[in-house]
Amino acid sequence: MRNDHDAFLSALGPHKAVLYKIANAYCRRREDRGDLIQEMVMELWRAYPRFDRRCAFSTFMHTVAVNVAISHFRGEARRIRDTVPIEEFGMDLAAADRVFDAEGEDLRALHQLIGRLDDIDRALVLLYLEGYAQEEIAPMVGLSVTNVATRIARIKQRLQRDYAADAAHGVDA
Amino acid sequence: MSGLDLDALRAQWQDASTALDAGLDLDIAAVNAELQRRSARARRRHARWLLLSIVFGTALLLALGAFLWNERFDPLYLMSGAALGTLLLAEWIVNVRQWRALSTIDYTRPVAEVQSVLTRLRAARLRLAKWVTLTAVTLWWPGVAVVVKAAFGVDLLRGLHWSVFATSIGLGLLLVPLGLWVMRVVTRRFGDRPGYQRWLDEVAGSSFGRMRQDMEVRERFEQAAASDDVNSLRGLEAAAREIPAELYLARRVLLRRLLVASFLYAFGVLMLGAFNAVHGGIAWALAAGLTVHFALLAQLVPAIAVRASLLRMDFSHPHAELRERITTLARWQRLAVQATAMLSPVIALALVVVTAYVLPGVDALTRFSPGVGLALLAPASLMSVWLAARWWQSPEQFAAAWRAPRSLTASRRLDDLRDQVPRPRSG
């Protein structure tokens with residue numbers, strides 16, 4: 001058990017930003033992210049015995065974390081009833097927010113527009129931005145490669161359209 | 001930047017991710033301690049409401065089973081109990097399936113696969129909600145009769161006039177195909193709208209988790225609002241994306257008014273239910289009672305629905321979205337008021353008849369012949385048709401003419417609430 005713990009935590013450490021980014025994409029309110037991140041970590045730990053080491057841990061982590069995030073806000077998740085303040089996890093969200101807020105205006109606008117997509121499209125665009133190829137995204141999401149390509153093309157058009165509409169109406173981030 | 005180029009932003013995103021990875025800390029020892037603390041319990045905690053529903057449903061089914069066994073030689077109560085039991089059993093099965101699905105859900109599976117499981121669960125709950133709604137009127141009185149017989153031994157099915165149950169069941173059976181048609185029309189017209197999907201989510205019960213979070217945030221605001229301390233609320237505004245404190249106060253006032261209205265309408269509905277039960281054998285009384293009963297229901301349901309929507313509304317949403325949601329609520333609320341206005345001549349006549357039967361010593365209506373009754377009903381009905389025609393020609397003029405200055409249904413206050421939401425800056 002101790003070895004499993006150590007192995008899991010060693011694998012989790014280098015990819016902790018994944019938790020933050022997915023929580024940021026799926027939480028409308030910043031104060032909700034702490035609970036969601038804790039649920040993600042718990043579910044990752046529960047799922048760790050099923051981690052297939054033929055794929056990268058980051059791939060496994062993205063799949064589980066996105067599923068938890070989507071389920072969390074559909075109210076279908078196994079809920080943690082006694083979450084602790086996220087600071088007790090040693091995760092300084094405020095520091096991450098400062099890095100986030102220092103991004104350019106374009107990335108901030110992108111974050112806001114991603115928040116308007118439906119759950120699956122949000123997952124697709126996050127994985128795409130993380131650098132995954134469409135062939136890698138397809139099995140993670142459970143769609144065909146063709147379907148992924150089509151949906152990503154549509155997402156790009158939609159984001160461009162929404163960006164132009166927001167600019168025309170003076171909507172800010 | 002004149003447009004949004006996702007491919008160009010991809011590189012920027014990954015650079016930002018690198019900075020994030022470097023700047024974000026995670027206390028591995030703390031996570032380790034938490035994992036050990038939770039793993040030791042080895043329990044999966046589902047939403048409490050689901051567990052309570054299953055336990056409560058099991059108890060109800062057992063009690064109903066015992067009742068049906070006791071009444072097995074009484075076909076009336078056997079049929080009534082069996083109909084009620086079918087619905088209870090359907091709900092229990094849906095809850096148990098959800099419990100099992102959540103217990104075995106594998107988050108390592110592809111996203112679409114996991115979401116399809118959740119979508120199937122949602123569809124099952126929506127189907128159940130649909131049939132509960134469609135059969136509610138049919139099963140209402142038989143259900144009450146079963147409960148009263150089981151709890152107090154009183155035989156309502158034979159104690160009340162047969163017309164009470166016949167009217168309820170007959171109307172209910174008529175409403176089933178009508179309800180199915182309305183649902184098809186609504187789905188075809190509004191099916192792809194986000195507001196409609198959000199409403200379906202609420203019906204399917206998948207917002208309970210969200211409600212828990214909303215309640216925590218709301219509690220903080222309510223504590224500040226309880227003292228009408230605008231400054232305290234302003235201090236919390238930063239977390240609510242610059243929503244004015246006045247908006248929260250206005251919302252709080254509106255929620256209270258809707259709660260009072262709901263109680264008043266509900267009280268009226270119960271009183272009219274008792275009136276209908278007592279006067280079941282008198283056609284005029286029953287017809288008038290049912291008319292007023294449904295008129296009150298037509299106000300009660302929107303009041304509850306609007307209040308529930310306002311309670312669940314997330315005020316951290318973009319301003320434009322908030323305005324659109326509140327406008328939609330106000331529009332539906334206004335439609336309910338206008339429908340009542342169109343039927344007001346008939347409702348007023350029905351109210352007079354009910355009052356005549358209720359007030360002691362006033363039995364003028366019992367002396368009227370059916371001809372007199374029809375002579376009063378005909379012009380009232382024609383006036384309602386005329387009002388409906390005016391509404392059809394010009395809903396805006398109709399709305400202007402029939403604005404209720406102090407309406408408890410609060411469509412005007414919803415407009416005021418919407419106007420408190422900041423408008424997007426032009427430029």
Side-chain angles (χ1 to χ4, degrees), chain A residues 5 9 13 16-17 20-21 28-29 31-32 41-43 45 47 50 60 63-64 66-68 70-81 84 88-92 95-96 99 103-104 106-107 109-110 119-120 123 128-129 131 139-143 156 159-160 163-164 169-172, chain B residues 1 3-7 9-10 12-14 16-17 19-21 23-32 34-36 38-39 44-48 102 105-115 118 121-122 201 205-210 213 217 239 314 316-318 320 424-427:
Chain A
H5 265 142
L9 293 168
K16 52 190 179 296
Y20 174 83
K21 282 180 285 187
R28 282 198 183 271
R29 290 192 297 237
E31 58 261 35
D32 295 341
V41 172
M42 290 305 125
E43 291 298 341
W45 168 239
R50 292 190 296 279
F60 165 81
T63 304
V64 172
V66 166
N67 272 327
V68 172
I70 296 175
S71 307
H72 182 93
F73 288 105
R74 290 182 65 163
E76 318 281 9
R78 292 186 280 255
R79 311 310 300 271
I80 297 176
R81 308 310 303 182
V84 298
E88 293 189 22
F89 258 40
M91 186 173 269
D92 188 352
V99 172
E103 293 172 0
D106 296 333
L107 277 188
L110 179 61
D119 295 334
I120 300 289
Y128 180 76
L129 288 167
M140 291 168 76
V141 178
L143 300 173
K156 287 180 185 176
L159 291 177
Q160 281 169 347
Y163 181 82
H169 289 110
V171 174
D172 49 21
Chain B
M1 189 174 186
L4 193 81
D5 185 339
L6 198 68
D7 293 313
L9 285 173
R10 205 178 182 190
Q12 266 185 268
W13 178 283
Q14 287 169 35
S17 295
L20 207 53
D21 274 323
L24 193 62
D25 285 327
L26 183 67
D27 185 339
I28 296 298
V31 175
N32 191 19
E34 269 305 303
L35 289 179
Q36 299 207 23
R38 293 181 203 278
S39 296
R44 289 171 184 172
R45 299 178 193 89
H46 292 285
R48 283 192 187 119
L102 290 182
I105 202 164
D106 183 356
Y107 288 121
T108 67
R109 299 302 299 158
V111 174
E113 186 179 315
V114 171
Q115 299 317 310
L118 301 177
L121 287 176
R122 178 181 182 265
D201 282 340
S206 45
S207 66
F208 285 99
R210 186 70 191 163
Q213 295 169 328
V217 172
D314 185 347
S316 66
H317 283 188
R425 288 193 288 277
S426 59

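Below, chain A is the first sequence line, B the second, and so on; all start at residue 1.
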*Asks:* Provide the closest heavy-atom pair for Tyr128(A) versus Arg10(B) in the form atom of the first, atom of the second, distance.
*Replies:* O-NE, 2.6 Å

*Asks:* Given heavy-atom pairs under 4.5 angstrom as the criterion, report whether the side chain, backbone, both or neither of Ile120(A) touches chain B.
*Replies:* side chain

*Asks:* Rounded to the nearest 0.5 Å, what separation is found between the CD atom of Gln115(B) and the CG atom of Asn67(A)?
*Replies:* 5.5 Å

*Asks:* Among residues at least two apart in sequence or on other chains, which ones pass side-chain hydrogen bond (donor to acceptor under 3.5 Å, both in side chains) with Gln12(B)?
*Replies:* none

*Asks:* Atom CG of Leu6(B) and atom CG of Asp106(A): how far apart are they, to the nearest 0.5 Å?
*Replies:*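 The CG atom of Asp106(A) is 11.5 Å from CG of Leu6(B), to the nearest 0.5 Å.
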
*Asks:* Between Thr63(A), Leu107(A), Leu159(A), which shows the greatest number of heavy-atom pairs under 4.5 Å with chain B?
*Replies:* Leu107(A)

*Asks:* Rounded to the nearest 0.5 Å, what separation is found between the CG atom of Asp5(B) and the OH atom of Tyr163(A)?
*Replies:*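 Here the rounded value is 11.0 Å.
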
*Asks:* Taking all heavy atoms of Phe60(A) and all of Thr108(B), pick out the closest pair and write down the distance.
*Replies:*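 Between these two residues, the closest heavy atoms are CE1-CG2, 3.4 Å.
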
*Asks:* What's the spacing between Glu43(A) CD and Asp106(B) CG if we round to 0.5 Å?
*Replies:* 9.5 Å

*Asks:* Ignoring hydrogens, what is the shortest heavy-atom contact between Gly142(A) and Ala112(B)? Give both atom names and the distance.
*Replies:*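 Looking at all heavy atoms of both residues, the closest pair is O-CB, 4.0 Å.
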
